[in-house]
Trainee: 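This structure is in structure tokens; I'll ask about it shortly.
Keep in mind the model is a prediction, meaning the values are calculated, not measured. A note on names: the letters A, B, ... follow the listed sequences, proteins ahead of strands, and every chain is numbered from 1.
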Number of protein chains: 2
Amino acid sequence: MHLTETKPEIKHSKRFWHWWQCQRCATGKVQAREQILQAAFDEIHHVGFQAASLSRILAHTGLTKGALYHHFGSKLALGYAVVDELLLEYLREIWLRPLEKTDDPIKQLISSLHKMGENIRQEDLELGCPLNNLAQEMAPIDEGFRRRLEAAYSEWRGGIESALLRGQKSGFVRHDVDAKSTAATLVATMEGCIGMAKNAQSRELLLQCGRGIIQYLESLKKHTRKRKVT
Amino acid sequence: MHLTETKPEIKHSKRFWHWWQCQRCATGKVQAREQILQAAFDEIHHVGFQAASLSRILAHTGLTKGALYHHFGSKLALGYAVVDELLLEYLREIWLRPLEKTDDPIKQLISSLHKMGENIRQEDLELGCPLNNLAQEMAPIDEGFRRRLEAAYSEWRGGIESALLRGQKSGFVRHDVDAKSTAATLVATMEGCIGMAKNAQSRELLLQCGRGIIQYLESLKKHTRKRKVT
DNA sequence: AATTTGACATACCAATCGGTATGAACTAAA
DNA sequence: TTTAGTTCATACCGATTGGTATGTCAAATT
């Protein structure tokens, strides 16, 4: 899944000819697959996977079905690729990577929540969490989707769990909290809050729920002065 | 919701003759609309609204499009009716009605959670909460759906909020809890837990999250002996 | 008895869906 | 230069979709 890192900057010098300016070859050829992936992600984020239209996806890229079915075997395969190559990466970059670098997961999570509450755009508020959207729609319908999304959720919970355990060792987290169930409750609550705010189209409700989560997180803090780090 | 018990055993006998025994008119006529409603609810619960097929819905009822478009103006109108006449009733009966009768909302909520955890069928676990499903799918797409579903959520939150306020007056709930934001967080967390358990297809995860919610509810209790009621 | 209205069934429609077959343009290898 | 393999575009397919127009029969109304 990480093999796409190897995409070359200038793959071939082929882009300069065709006697004057082949728009397609000049700009997008090497990115055709990524274009489709991103457009598919957007389309799915807007209308869900089942209602996602391949024609609309392609219309947004300027490509045609020939390109799509050259890179992806089917609509389902395209959907899987969106999860594997985009959704999972977003999750890791936004939620998991920051947690790996800290011994104070509570502080880090609160920081992430604040950052999200401040930076979230109206459109994203209305569209909700793409991971949760896809999970709620496709989990009962397609086992392939369900397994991939469950793997993502599992990784998410696992990341929080191990961060909480590290936090306990470092003295930032109370020792009587069960890391595993706390991680599960945290993820579930965050997704639930985003979903509720999405339906209400209310940033205020999102912030309200966010404060509830932060309050919950604060209750997990260890208050001894055993270690005081900046 | 349980009215479907009265559906006739001999589903297709209606075509046996018009002039001596019209099965349809004899038994099911008044229920045709409710049959379609219930079948639509099931179909939507299984595949979502957009992917819901009118043909499949009708196939499950034995009726035809003539009946459907006689009672409902469009697929959208059918979807709205499902929300207004079925979903909202479920919500009120299962979650809101019990709360109205008690002065100890925490006890009541914990009881409801236990009941749900014990009685939930595997199929319902996999399909998730129909209200949440519909909200996550349709809120960004159709304003009519969104408003109706938001009205439902608002009623849900409001019911919990006023129950919490009554609980405070009666001395069962701590006075420093903010009823409104607590109600919002509770609903969001419950939906989030159901959604997460649905994706994981794990009753264990559902129970785990449920314990997390109960733990949160316990923290809202007032522990004075001011009033001790059975 | 005659007529209207309600409650459906039947047959059909254009539009859209995901998917495929074929071929053109181009590159890399021989 | 020839050949083989990529990378797409074009044109088309059957299936399914929501929706409609018309017809039929029973009950209600006049």
Trainee: Measure from the side chain of A:Thr64, starting at C-beta and using heavy atoms only, and say which of C:dG18, C:dC8, D:dA9 lies closest.
Mentor: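 The answer is D:dA9, which lies nearest to the side chain.
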Trainee: Could you tell me the separation between the NE2 atom of A:His71 and the P atom of C:dG19, rounded to a whole number of Å?
Mentor: 17 Å
Trainee: May I ask you to decide if B:Glu150's main-chain N or O and A:Asn199's side chain share a donor-acceptor pair within less than 3.5 Å?
Mentor: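 A pair under 3.5 Å: yes.
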Trainee: Could you check how far CG of B:Leu63 sits from P of C:dT10, rounded to whole Å?
Mentor: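 In whole Å, C:dT10 P lies 11 Å from B:Leu63 CG.
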Trainee: Of all the choices, C:dG19, D:dG19, D:dC8, which nucleotide is nearest to the side chain of B:Tyr69 once you look at every atom?
Mentor: D:dG19
Trainee: Between A:Glu126 and A:Gln122, is there a side-chain donor-acceptor contact under 3.5 Å, judged purely by atom types and distance?
Mentor: yes
Trainee: Is it the case that A:Gln136 and A:Asn132 place a side-chain donor and acceptor less than 3.5 Å from each other?
Mentor: yes
Trainee: Between the base of D:dG19 and the side chain of B:Lys75, is there a donor and acceptor pair under 3.5 angstrom?
Mentor: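 Answer is no: no donor-acceptor pair is held.
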Trainee: Hey, can you pull the residues of residues 49-57 of chain B with a non-hydrogen atom under 4.0 angstrom from DNA chain D?
Mentor: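 When residues 49-57 of chain B is checked for heavy atoms under 4.0 Å from DNA chain D, the hits, listed by number, are B:Ala52, B:Ser53, B:Leu54, B:Ser55.
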Trainee: Ring-plane angle category for B:His45 and B:Phe41, please: parallel below 30°, perpendicular beyond 60°, tilted otherwise.
Mentor: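 Geometry flag for B:Phe41 against B:His45: tilted rings.
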Trainee: A:Leu78 CG to C:dC17 P: how many Å, rounded?
Mentor: 15 Å
Trainee: Does the ring of A:Tyr80 carry A:Lys75 above it, NZ/CZ under 6.0 angstrom from centre and within 45° of its axis?
Mentor: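 Relative to the ring axis of A:Tyr80, which defines the angle, A:Lys75 lies outside at least one limit.
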Trainee: Mind calculating the distance between CG (B:Leu58) and P (D:dT16) to the nearest angstrom?
Mentor: 16 Å
Trainee: Give the rounded distance in Å between these two atoms: CD of B:Gln31 and P of C:dA7.
Mentor: 14 Å
Trainee: Tell me whether A:Gln50 contacts the main-chain N or O of B:Val47 through its side chain, where contact means a donor paired with an acceptor under 3.5 Å.
Mentor: yes
Trainee: Check whether any side-chain N or O of A:His70 sits under 4.0 Å from OP1 or OP2 of D:dT7, and answer yes or no.
Mentor: yes
Trainee: Salt-bridged, B:Glu204 to B:Arg211, with N to O below 4.0 Å?
Mentor: yes
Trainee: If you assign B:Ala67 and A:Gly66 each to the DNA chain C nucleotide with the nearest heavy atom, which residue ends up on the more 5' nucleotide?
Mentor: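 Comparing both residues, the 5'-ward one is B:Ala67.
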Trainee: Starting from C1' on C:dA7, measure out to NZ on B:Lys65 and report it in whole angstrom.
Mentor: 18 Å
Trainee: Over how many whole Å does the gap from A:Ile36 atom CD1 to D:dC8 atom C1' extend?
Mentor: 10 Å
